[in-house]
Amino acid sequence: MSTDTLTRVLTRHDRCDGCGAAARVAVLLPTGGELLFCGHHARKHAPRLRELGAEFSPGS
Ligand SMILES: [Zn+2]
């Protein structure tokens, strides 16, 4: 297990998986997958993602 992905820095090249806006939050799934969300979609999906045990890594 590594926590490297939790400290990743989001750049302008990282896009929200929901709408394509600039990503503000990286979400690390228990399965090892990663999702990127803008602030809007991070809030929208947060409850379900927390249920799944996902870790949120705030962007800049
Ligand atoms: Zn979005």
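Atoms within a ligand are numbered from 1 in the order they appear, just like the ligands themselves.
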Vertex the Zn ion (ligand 1): angle to SG of Cys38 and SG of Cys16, to 10°?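 Rounded to 10°, it measures 110°.
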Please list all pairs passing the salt bridge (charged side-chain N to carboxylate O under 4.0 Å, His left out) test where one or both residues lie in residues 10-19, with sequence neighbours left out. Arg8-Asp14
Atom of His41 closest to the Zn ion (ligand 1), considering N, O or S atoms: ND1
Does some side-chain heavy atom of Leu36 sit less than 4.5 Å from a side-chain heavy atom of Leu10?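 Contact flag for Leu10/Leu36 side chains = yes.
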Let me confirm one number: the CD-CD distance from Glu55 to Glu34, rounded to the nearest 0.5 Å. 12.0 Å
Taking both backbone and side chain into account, is any N, O or S atom of His40 nearer than 2.8 Å to the Zn ion (ligand 1)? no
Pairing residues for Ala46 by the side chain to side chain contact (heavy atoms under 4.5 Å, CB included) criterion, not counting sequence neighbours: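 Residues passing side chain to side chain contact (heavy atoms under 4.5 Å, CB included) with Ala46: Arg50, Phe56.
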